[in-house]
Amino acid sequence: MKIKSGITAFVLLIASVLFGQSNPPQDSATFDPDGTAHLTRVVPIPTTISPEAQKWLESLNHGKGGHETLEERRKGMDGWRKFGSEDAKKHYPVNIEETTTAGVRTDIITPLDLPAANRSRVLINLHGGGFNSDSGSLIEGDPIANLAKTKVVSVYYRLAPENPFPAAVDDVVAVYKELLKTYQAGSIGIFGTSAGAILTCEVAVKLKQLGVPLPAALGVFSGLGDFTHVTDSRQLFTLGGFPGDLKPSDPNKLEDEEYVGKTNPKDPILSPLFADWKGMPSTLLVTSTRDILLNDTSNLHRKMLADGVDARLIVFDALPHAFWYHFDIPETKEALGLMAKFLDEKVGR
């Protein structure tokens, strides 16, 4: 069943209070002959999540939407990254060294307390940001380094549209190969959020194709494995869940075409859902029920299970894409703890 996002409407029940509506909309669904659905849904703020998360969800209703130029997006992301990085370091203190690895800009993030037993292992973080900006290299790397008490190498891979696929994959593979000179493959883990989660899978497939020893574990935190079509969750949700700029999909326009470039979208490295995952590392996948990449993450999980991978999927209730960037809700602490615990148990053991 296709769902036309341009005419899909989700109406939060709380809107009736905020805007003084005496007769809030009721649930309804009508369907075109081809199965396209026209939906209205009344969705109360869920009581299954923490009060802090409920308050945060309501606050998202007041954000600004609309189209951004690439320059505006990068400027906004840089501001968010600066704020978020400071917040991450406040909650999860670490040492940070800016350097290069294999000619690629990297941050070496080290916990303040690095146990001797953990000095022979390392984690690679691949940040989110839609492949065209950096939404959280330190926001993602700091907490995991702190909680897993393990060094994290955060990679500033080349960005689209200036550098489409496979530039980012090549950068990460180069960093990985360089780290193999110091660390055993079984003592390396790779993790990322959003674009970084996609890239984590792409890099794993590339390493397997090259015959390079594979890392011990992967962390795929809200990812995507197929650039050939748009899933239901991308038709239903924005980056903020219900509120925000919901863009209708165009069947004649490829998703993320600036990153894909001239590559066949069925290329198994670009779209790992088409790859052979037999023999791949243990993988933790994390998403949430209002995540724009919910279906994409679950499809990856099914593919991994079908190919015999030790793959575990955790789905949080009611929260939007990459909610673990927000440190003031208890669910973030829980999610980060689960991510760090998995990597700690699988890497270098």
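Keep in mind it's a predicted model, so treat the numbers as computed, not measured. Throughout, numbering of the chain's residues begins at 1 and tracks the sequence.
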Is there any salt bridge (Lys or Arg N to Asp or Glu O under 4.0 Å) pair reaching into [range], and which pairs are they, with sequence neighbours excluded?
range: residues 202-224; value: K208-D276
range: residues 312-340; value: D310-R312
range: residues 152-168; value: R74-E162, R158-D171

Results of side chain to side chain donor-acceptor pair (under 3.5 Å) for [X] - residues two or more places apart only:
X: Y156; value: R81, D107, S137
X: S135; value: Y325
X: T297; value: none
X: T101; value: T106

* **Sidechain-backbone polar pair: S288 side chain, P320 backbone, donor-acceptor under 3.5 Å** =>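 Flag set: sc S288 to bb P320 pair under 3.5 Å.
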
* Under the ring-ring contact (aromatic ring centres under 6.0 Å, His included) rule, what pairs show up with a residue in residues 125-154, not counting sequence neighbours? ->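 Checked against ring-ring contact (aromatic ring centres under 6.0 Å, His included) - neighbours excluded - the pairs reaching residues 125-154 are H127-Y157, F131-Y259.
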
* **Where at least one partner belongs to residues 287-315, residue pairs that pass ring-ring contact (aromatic ring centres under 6.0 Å, His included), sequence neighbours excluded** =>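 ring-ring contact (aromatic ring centres under 6.0 Å, His included) check on residues 287-315 returns no pairs.
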
Residues which pass ring pair (Phe, Tyr, Trp, His ring centres under 6.0 Å) with [X], listed by chain and number, not counting sequence neighbours:
X: Y183; result: none
X: F221; result: none
X: F274; result: none

* Asked: Salt-bridged, R121 to D344, with N to O below 4.0 Å?
  ->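 Result for this pair is yes, salt bridge flagged.
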
